[in-house]
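Let me begin by presenting the structure, written as structure tokens, before commenting on it.
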2 protein chains.
Amino acid sequence: MTKIKENSTSNQNKEISALACPVTYVMNKIGGHWKSIIIYQLKEGPKRYSELKRAIPAVTEKMLIQSLKQLEADNLLIRKAEPVVPPFVTYFLSSSGKELVPLMHLMAEWAIHDSRREEKTKAFSEQVLMMD
Amino acid sequence: MTKIKENSTSNQNKEISALACPVTYVMNKIGGHWKSIIIYQLKEGPKRYSELKRAIPAVTEKMLIQSLKQLEADNLLIRKAEPVVPPFVTYFLSSSGKELVPLMHLMAEWAIHDSRREEKTKAFSEQVLMMD
DNA sequence: ACAAGTACTTACCCCAGAGTATGTATCATG
DNA sequence: CATGATACATACTCTGGGGTAAGTACTTGT
């Protein structure tokens, strides 16, 4: 009853240090459906806001800027706005952001590997069902 | 007004293929706060349910089995229950799961790198504030 | 007889992340 | 003068991921 869960860190700060849990740290930065997709889109070089929108049709404008803002706040990308009209804004990866690219390639590699394996498993179990 | 957003894919299937977006694919499998932590815990070898619970005190039992179930459904880990009483259940990484380990190490590496950089930036901006 | 350990299950609630829809400022062009 | 393009902002809603709390079944130890 009176067992109070004692959090040594209490709610001091939500910012979990990388040492405490690196995965959570990374997730806090590139978690959410869109951030990683945006980074992926920027890996080859800078893109304009509208280019990003076109490159990722499924994202809403709200989600797009929201994600961009967060990524910028986390220094993963840099926003460069030229004071002209119509506005010309480009986004590109910072050095931290660039260092994420190999990570994402590894993810992609694993994903392809794993999806193949999944298909095989499915095919196999279908065969089993057929034989039954 | 009548502009209906036409989703070419509609809601055909939520299962996004690895080819469409590898990152989303990976996120669907190891996203959520606990899954990756569990995998991290299992990277050295099998563990019992209660061992996992003790190793990750912050997780609730509900979240723990929920995550374990999902990981099992995605073939990232294997559950082995010995029919004894009291129950003896162990969890260990499948081959797919094992292949995630290097990925997570890369994540950890990046996280440490990045958190260092963050500290420096903060220290620097504090200096600037001091001088102001 | 009762607590403790094992591995769960179930009901309920809350809130942040994501989606929908619309509004804004500026200028060029027809 | 109205439309389109650019790069956003903002209000409202909704869903599901996660948290809290309690219950279950079975046996050993005291």
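Chain A is the first sequence line, chain B the second, and so forth, proteins listed ahead of strands; every chain is numbered from 1. Small disclaimer: the values here were computed from a predicted structure and weren't measured.
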**Report entry** Basic-acidic side-chain contact under 4.0 Å: B/Arg48, B/Glu82
**Finding:** no
Query raised in the report: Roughly how many Å is it from CD in B/Gln66 to C1' in C/dT10, rounded to a whole number?
Result: 12 Å
Report task. Count the heavy atoms of every other residue, nucleotide or ligand shown that sit under 6.0 Å from OH of A/Tyr49, and state whether that count exceeds 12. Result -> yes
Query raised in the report: Counting only N and O atoms by type, is there a donor-acceptor contact under 3.5 Å from the side chain of A/Ser94 to the main-chain atoms of A/Leu76?
Result: yes
Can you check nucleotides 2-7 of chain D for protein contacts, nitrogen or oxygen pairs under 3.5 Å, and list what you find?
| residue | atom | partner | partner atom | Å |
| --- | --- | --- | --- | --- |
| D/dT6 | O3' | A/Arg48 | NH2 | 2.9 |
| D/dT6 | O3' | A/Pro87 | O | 3.1 |
| D/dA7 | OP1 | A/Arg48 | NE | 3.1 |
| D/dA7 | OP1 | A/Arg48 | NH2 | 3.0 |
| D/dA7 | OP1 | A/Val89 | N | 3.3 |
| D/dA7 | OP2 | A/Ser50 | N | 3.0 |
| D/dA7 | OP2 | A/Ser50 | OG | 2.8 |

Query raised in the report: For the pair made of CE in B/Met63 and C1' in D/dT20, what is the distance, rounded to whole Å?
Result: 11 Å
Requested in this report: Give the rounded distance in Å between these two atoms: CG of B/Leu64 and P of D/dT20.
Outcome: 14 Å
Requested in this report: Please state how far atom CE in B/Met27 lies from atom P in C/dA18, giving the value in whole angstrom units.
Outcome: 11 Å
Query raised in the report: Considering all heavy atoms of both residues, which atom of A/Gly32 and which atom of A/Ser36 are nearest to each other, and what is their separation?
Result: O-OG, 4.2 Å
Query raised in the report: If only atom types and distance count, is the side chain of B/Trp34 paired as donor or acceptor with the main-chain N or O of B/Ile65 below 3.5 Å?
Result: no
**Report entry** Axis bend over the full length of the helix from C/dA1-D/dT30 to C/dG30-D/dC1, computed from five pairs that close each end, to 10 degrees
**Finding:** 20°
Report task. Identify whether any heavy atom of A/Lys53 sits under 4.0 Å from a base atom; if not, whether one sits that close to sugar-phosphate; answer base, sugar-phosphate or nothing. Result -> nothing
Requested in this report: Report the residue (A/Leu68 or A/Lys62) whose heavy-atom-nearest nucleotide on DNA chain D is the more 5′ of the two.
Outcome: A/Leu68
Query raised in the report: B/Gln70 CD to D/dG16 C1': how many Å, rounded?
Result: 11 Å
Report task. Could you pull out the closest heavy-atom pair between B/Lys35 and B/Ser67, with the gap in Å? Result -> CG-CB, 4.1 Å
**Report entry** Donor + acceptor pair across side chains of B/Tyr91, B/Glu72 (<3.5 Å)
**Finding:** no
Requested in this report: Using a heavy-atom cut-off of under 4.0 Å over every strand shown, decide if A/Lys69 touches base, sugar-phosphate, or nothing.
Outcome: sugar-phosphate
Query raised in the report: Do side-chain atoms of B/Tyr25 reach the backbone of A/Trp110 as a donor and acceptor pair under 3.5 angstrom?
Result: no
